[in-house]
There are 2 protein chains.
Amino acid sequence: MVMSLRHALLGLLREGPASGYDLMQVFKLSMSNIWPATQSQLYTELTKLADSGLLTVTPQGPRGRKEYALTDAGLAELRRWLLETTPEVHPRSEVLLRVFLLAALTPEEAKDYLAWLGERAVEDITDLAALDASIEWDDDIPPLLYGRLVLEFGRRLSELTREWTEWAAEQIPPGHTQPDPDATSGDRSDPQ
Amino acid sequence: MVMSLRHALLGLLREGPASGYDLMQVFKLSMSNIWPATQSQLYTELTKLADSGLLTVTPQGPRGRKEYALTDAGLAELRRWLLETTPEVHPRSEVLLRVFLLAALTPEEAKDYLAWLGERAVEDITDLAALDASIEWDDDIPPLLYGRLVLEFGRRLSELTREWTEWAAEQIPPGHTQPDPDATSGDRSDPQ
DNA sequence: GGTGCCATGTAATAAGTTACATGATTCG
DNA sequence: CGAATCATGTAACTTATTACATGGCACC
């Protein structure tokens with residue numbers, strides 16, 4: 001089953017009514033790493049959700065603001081999704097796909113990629129620690145408890161990644177079959 | 001940058017010409033966990049790739065079979081993608097999204113979910129060990145070397161997941177705020 | 001001759017991204 | 001009055017999934 005954005009929104013609205021804008025902030029701050037969503041997608045989905053009776057709309061706040069609130073049907077759908085459907089356990093990993101295809105590069109270029117990945121993991125560890133420190137955890141508030149569990153997973157995953165990149169780089173011998181040299185070269189400074 | 005299927009195909013064809021059917025087997029066997037693709041998507045993409053000159057087609061084998069081969073332009077594009085574009089480091093994780101939303105369930109139901117996840121991780125560990133044993137690793141053949149690195153990442157990730165689910169389940173106190181009981185209940189036996 | 005695998009394709013739909021487009025309110 | 005932020009929406013395009021549709025060849 002796909003279409004999890006719908007259920008993410010239902011879940012967030014369990015904590016109280018909110019506007020599309022409010023929800024977008026939550027997506028930017030706390031969900032961006034596990035379930036990114038664009039503003040466009042979010043507003044579209046909220047409209048659909050309201051149309052199908054899983055949310056109600058409280059129209060016309062200050063500047064066109066609309067507040068959405070969870071209905072009983074919405075909560076039931078959230079629970080149904082959590083209890084009766086199976087998540088996709090192996091998400092696509094572009095990072096690992098690239099490792100798989102690293103044979104198209106020279107060993108040095110491949111090691112550069114792994115080193116870059118390791119650096120990203122270190123940054124993630126720092127970022128997560130900062131996020132951790134910025135939150136007043138209170139396990140008696142269920143959403144916070146589960147948020148803490150997710151964050152800890154992220155921390156462990158980043159540690160794993162850092163360690164793995166170091167190990168992996170050591171596995172690459174210093175000069176395997178040259179990959180049909182082609183002048184394309186560059187540093188990974190996000191040129192999209 | 002998205003559209004990695006294109007580059008996955010270019011990468012696989014670096015090892016020699018193959019048909020859509022051949023490539024599909026590879027996707028089923030060795031790529032399904034990191035970059036699943038449907039047969040439909042694959043054939044469509046191969047056609048586009050050939051149209052844009054990144055592959056050549058050798059038409060009409062035995063039963064309508066077409067063999068695709070990498071061109072210089074195709075290899076250059078693969079290298080450009082690997083060297084000059086940045087991968088998406090944080091893929092969507094439906095599994096973690098659900099943990100985030102577990103507050104909508106009872107503590108017992110939440111623990112069930114974590115237990116189920118842990119079991120899946122154990123299965124993954126077994127499956128990966130079997131896959132590992134079934135392959136004749138030879139680090140002198142670059143694609144195999146990198147395949148081994150990816151597999152080891154998977155192994156470590158599954159271990160991490162198993163340990164984390166155990167830890168996480170312990171963090172859940174035995175009776176937090178009841179989640180507006182609604183008769184929906186069920187076991188996660190994949191009812192889609 | 002029939003089962004199973006080899007082999008390719010298209011159509012409809014869903015989900016996600018990028019870009020565009022607009023306007024209100026608050027605060028300095 | 002201008003900048004920042006609040007606030008919502010639509011259109012075009014890309015990517016991925018599901019389902020349908022078809023036929024050849026090999027082997028028993």
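None of the values given here were measured: they were computed from a predicted structure. In the text below, chain A, chain B and the rest are named by the order of the sequence lines, each starting its count at 1.
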Quiz prompt | B:Tyr21 side chain near C:dC6 phosphate (N/O to OP1/OP2, under 4.0 Å) | solution = yes

Quiz prompt | Length of the line joining A:Phe27:CZ and D:dT8:P, which is rounded to integer Å | solution = 14 Å

Quiz prompt | Residues in side chain to side chain contact (heavy atoms under 4.5 Å, CB included) contact with A:Pro17, at least two apart in sequence or another chain | solution = A:Glu67, A:Ala69

Self-check item: Phosphate OP1/OP2 of D:dT14 contacted by B:Lys48 side-chain N/O (<4.0 Å)
Solution: no

Practice problem: Measure from the side-chain heavy atoms of B:Arg65 and tell me the nearest of D:dT17, C:dT17, C:dA7. | Solution: C:dA7

Quiz prompt | Contact under 4.0 Å: A:Gln41 side-chain N or O vs C:dA15 OP1/OP2 | solution = no

Quiz prompt | Under the ring pair (Phe, Tyr, Trp, His ring centres under 6.0 Å) test, residues paired with B:Phe153 that sit two or more places apart | solution = A:Trp164

Quiz item: For A:Arg92, which residues count as a side-chain hydrogen bond (donor to acceptor under 3.5 Å, both in side chains) partner, sequence neighbours excluded?
Solution: none

Quiz item: Quick one: B:Leu46 CG to D:dA16 P, roughly how many Å, whole number?
Solution: 14 Å

Quiz item: Which sits closer to the 5' end of DNA chain C, A:Leu5 or B:Asp22, going by the nucleotide each is nearest to?
Solution: B:Asp22

Practice problem: Whole angstrom is fine here: how far is it from NE2 in B:His90 over to P in C:dG16? | Solution: 18 Å

Quiz item: Going through the checks in order, is the salt bridge (Lys or Arg N to Asp or Glu O under 4.0 Å) test met by A:Arg79 and B:Glu109?
Solution: CA-CA 10 Å; A:Arg79 284 179 50 81; B:Glu109 289 168 333; 3.3 Å; yes

Self-check item: Residues which pass side-chain hydrogen bond (donor to acceptor under 3.5 Å, both in side chains) with B:Gln171, listed by chain and number, not counting sequence neighbours
Solution: A:Arg148

Self-check item: Atom-pair distance (OH on B:Tyr43; C1' on C:dA7), nearest Å
Solution: 5 Å

Exercise. Give the B/S/- string for nucleotides 19-28 of chain D, one per nucleotide from 5' to 3', where a protein heavy atom under 4.0 Å of the base yields B, of only the sugar-phosphate yields S, and otherwise -.
Key: B----BB---

Quiz item: Between A:Arg120 and A:Thr165, does any side-chain donor sit less than 3.5 Å from a side-chain acceptor?
Solution: no

Quiz item: Please give, in whole Å, the distance from D:dT15 P to B:Leu42 CG?
Solution: 15 Å

Exercise. Consider the side chain of B:Thr38, meaning its heavy atoms from C-beta on, and name the nucleotide among D:dA7, D:dT17, D:dA16 that approaches it most closely.
Key: D:dT17

Quiz item: Between C:dT17 and B:Arg92, is there an OP1 or OP2 to side-chain N/O distance shorter than 4.0 Å?
Solution: yes

Quiz prompt | Non-neighbouring partners of A:Pro143 that pass side chain to side chain contact (heavy atoms under 4.5 Å, CB included), sequence neighbours left out | solution = A:Glu15, A:Ile141, B:Ala103

Practice problem: Whole angstrom is fine here: how far is it from CE in A:Met3 over to C1' in C:dT13? | Solution: 14 Å

Practice problem: Grab the CG-C1' distance between A:Leu9 and C:dG16 for me, whole Å please. | Solution: 14 Å

Quiz item: Starting at NZ of B:Lys66 and ending at C1' of C:dC6, how long is that distance when rounded to a whole Å?
Solution: 15 Å

